[in-house]
Structure formats: structure tokens, C-alpha cells
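Below is one structure, written out as C-alpha cells, with a few remarks after it.
Proteins come first, then strands; the chains are lettered A, B, ... in the order of their sequence lines, and each starts at number 1.
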Amino acid sequence: MFSEKLLTWYDLSQRRLPWRIQKKNPYYTWLSEVMLQQTTVATVIPYFNRFTQKWPEIQNLAAASLDEVLIEWQGLGYYSRARNLYKCAQHLTKSFPQEEHELINLPGIGPYTAAAIASIAFNKKAAAVDGNVIRVLCRYYGLDTLNPYEPVRAKLLKLLPEARCGDFTEALMELGALICRPKNPSCESCPFQKTCKGYEMGKPESFPNKPPKKKLPTRYTTAFIIQREDGAIWLRRRPSQGLLGGMMEVPSTPWTEEKNSEEKLTVKHTFTHFHLNAALCYADKPMEGEGIWVQPHDLKKHALPTVMKKIISTGLKGRE
DNA sequence: GAAGCGTGGTA
DNA sequence: TTACCAAGCTT
């Protein structure tokens, strides 16, 4: 009953997304699911299109270098995804598992993504529990527990149909994205309005029950815009693990909670777990250690995270 | 199990 | 401006 109604709605209302054009392409499913982790559809679309144009098959992606992948990934965030994607491509080139319990052993593929790939690409009966599914089912069943993952997973397993498992998985997430939105849900056009507990209670937006978030600390640094007479800028590579791992950067002092002396030019940027306040400082001699000179025109050839693009562009403008 | 891990859009 | 959020994974 539930699944029939959901699939009918989905057949009528689904968006045409690049990874849905070619039906059942496991490479597309895997790539899109990794890109969509904690990231909006609108942000992912151009990245997905560039990746699949540059690397039409997994073999092409696996044959690239990690730096090439990081360059294409720059700006998308959570760069461990790109590192794991690259590592995972090496495995998938040999064989592409169809089962959830095999997929979950691959780098960058966790419980959600394993179930999503098994279900969407191979039509297996797997329970993909993401933020959408948690929101939709918590509202529908009026679940107000602070840890809804397991209860939602149990409900989902009972709802999953024998046929069209993959479409059902996509449909439930699509309902969450288009109708059962986090804010301003469109209950008037929801096919499940009549039987939705959250709607009946008059407060669908209060589900799921989330703990309050802590305030983010601010860290401070001084970033060095080191520019040679011919205009080239000094860059170096960050350590391969941790924050912005493997990406390029301009040198900077350690990022600590000690405030800067008030500088003229600063760049502010917010990461997942802290705000960064970078005071800019100009120099013309390189720092110790490894690094490269890059002409401003060639910056696009290097894997720069957004925070570094902001620092460099602000630094170059501020110098004029 | 809690913390670390990006970014851009929206209210 | 600040806060919150968006198809989670790893350690």
C-alpha cells in the first residue's frame, strides 16, 4: 500500500537528474551517492557532469592521479571523500560488488551508501537510511526519539517492496527532498497527508527530534601571500590526512584560538567545527620546506580548497 | 560513541 | 550576521 502509493507519486514527480538519465549504471550511482553525502543536489550536479565527462568509466577514474581527482573535487568539500573515492576506484576496477555486506568494506562506502548502491544500482532489498528517510519516517510515524536510526531502519525494512526496491529507495528520498522538506514541508501536496502522524499532530516540522548544536569556536591565523617579482605565488601541499588533506595552501601560522593583533586585511571562513579568521601578511621570499611557484593564471591547475581561494584572491586584490 | 571533516544556500 | 542545514564516513 505505502510502496505502491510512493512509487506512483515518484513516477509522476521525480526530477531528471544526471545520474538518473542512464538507468542502472553502477558507476553513476556510486559517484553520485558519494558526492551527495552531506551535500545538496544543486551543488553536486556540475561536479558530477564534469567527472563523468572527464572519466566516462571507472577505469578512467582509476587511471588518473589522486591530484587530478582532488583538482576536480576542489570546492565540493569533505576531501576525504575524494581520497577514498580514488582508493575505491582501484577496487571497483577489478570487480564491482552487488551486495550490501561487500560494498560496505570499500573505502568511503558506509552503511547508507552501501545500501543505496545495492538497492539503486542492483535492485537489492537493502535499507538505505539517510537524513531524508529519517525525516520522512519520523514524521509519518510520529517518532520523537533522539536516536531514530535503528527504529527507522526497522520500519524501512518492513516497507521495502519485493519489486522496484531501487526506485522505492530513491522515491522515499525524493519525497523528503521535494515534499517532506526540513522546513516548510508541502503537506498539502503530499500523498501521505491523511495517514501521517506528524501532520495529524499539527507539527510535522518538529520531527525528527534533534539535540541543540554547540556554538562553534573561532580560530585565528596569519596567512602569508608570498609573491615573487614576476607575480608567481608560493604554494605548498597540506599533509595527506586531516583537514583539507592533500590540498594545496598558502603557508600560515598554526590555527589556534589565540586572537590576532588587529590586522587591516582578514578573511573569514567557516568549517564544519570552527570559524577561521585569517589575517593576511605579504612577503616575497619563500618559506622553508617544499613548495612551488604558481602564476595566478595557473592557480586553476592546482587543488585549492575554497578557503585558500578566498585568501589568495583577497590578498591579490588588497595589494593593488 | 563522540569528534573531525567543507561548502554554499537560506531564513 | 549568525545559525542551520544537505542523499554520512572514519577514527
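Gly176(A) comes within 4.0 angstrom of no nucleic acid atom, judged by non-hydrogen atoms across all strands. When heavy atoms are screened at a 4.0 angstrom cut-off, Leu76(A) is found touching base atoms of the nucleic acid. Within the nucleic acid shown, Arg135(A) comes within 4.0 Å of sugar-phosphate atoms alone, with no base atom in reach, counting heavy atoms only. At a threshold of 4.0 angstrom between heavy atoms, the contacts of Arg20(A) include nucleobase atoms, whether or not backbone atoms are also involved. Contact annotation for Leu17(A): base contact, defined as any heavy-atom pair under 4.0 Å involving a base atom. Here Arg15(A) lies in heavy-atom contact (under 4.0 Å) with a base. Among the heavy atoms of the strands, none lies under 4.0 Å from Val133(A).
Leu85(A) has its CG atom 16 Å from the P atom of dG8(C), to the nearest Å. Going from atom CG of Asp130(A) over to atom C1' of dG8(C) covers 9 Å, rounded to whole Å. We find that OH of Tyr78(A) is positioned 15 Å from C1' of dT11(C), with the value rounded to whole Å. Rounded to whole Å, the distance from CD1 on Ile104(A) to P on dC9(C) is 8 Å. Straight-line distance from the NE2 atom of His273(A) to the C1' atom of dA3(C): 18 Å, rounded to whole Å. Rounded to a whole Å, the NZ atom of Lys214(A) is 15 Å from the P atom of dA3(C). The separation between Asn84(A) atom CG and dG8(C) atom C1' is 12 Å, rounded to whole Å. Taking atom CD1 of Ile109(A) as the reference point, atom P of dT10(C) lies 9 Å away to the nearest angstrom.
Summary of the strand contacts: Leu216(A) and Thr272(A) both lie near DNA chain C, and taking for each the nucleotide with the nearest heavy atom, the more 5' one is attributed to Leu216(A). Along DNA chain B, the nucleotide nearest Ser80(A) and the nucleotide nearest Lys183(A) are compared for position; the residue whose nucleotide lies closer to the 5' end is Ser80(A). Map Arg219(A) and Asn184(A) each onto its nearest nucleotide of DNA chain B; the residue landing nearer the 5' end is Arg219(A).
Checked for salt-bridge contact, Arg135(A) and Asp130(A) miss the test: no charged N lies under 4.0 Å from a carboxylate O. A salt bridge is defined here as a Lys NZ or Arg NE, NH1 or NH2 lying under 4.0 Å from an Asp or Glu carboxylate O, and Glu249(A) with Arg236(A) meets this definition.
Residue Thr93(A) comes nearest to Ala62(A) through the heavy atom pair OG1-CB, 3.3 Å, listed as atom of the first residue, atom of the second, then distance.
With a cutoff of under 4.0 Å to any heavy atom of chain A, the contacted region of DNA chain B is bounded 5' to 3' by dA3(B) to dG8(B).
A side-chain donor-acceptor contact under 3.5 Å links Ser186(A) and Glu188(A). Remark: the Thr195(A) side chain and the Tyr140(A) side chain contain an N/O donor-acceptor pair separated by less than 3.5 Å. Looking at Lys268(A) and His275(A), their side chains never bring a donor and an acceptor atom within 3.5 Å of each other.
Its side chain within the 4.5 Å cluster rule, Phe207(A) clusters with Met201(A) among the Ile, Leu, Val, Met, Phe, Trp and Tyr residues.
Checked against Phe48(A) for a ring-ring contact (aromatic ring centres under 6.0 Å, His included), the options Trp73(A), Trp19(A), Tyr27(A) give a single hit: Trp19(A). For the side chain to side chain donor-acceptor pair (under 3.5 Å) test with Arg164(A), the passing option among Asn123(A), Thr169(A), Asp11(A) is Asp11(A); the others fail.
Regarding contacts with the backbone of dC5(C), a side-chain N or O of Lys213(A) is found under 4.0 angstrom from either OP1 or OP2.
Near DNA chain C, meaning a heavy atom under 4.0 Å away, the residues from residues 30-40 of chain A are Glu33(A), Leu36(A), Gln37(A), Gln38(A), Thr40(A).
For dT11(C) and dG6(B), the P atoms lie 13 Å apart once the distance is rounded to whole Å.
In this structure, Val69(A) and Trp55(A) have side chains that are in contact, with non-hydrogen atoms separated by less than 4.5 Å.
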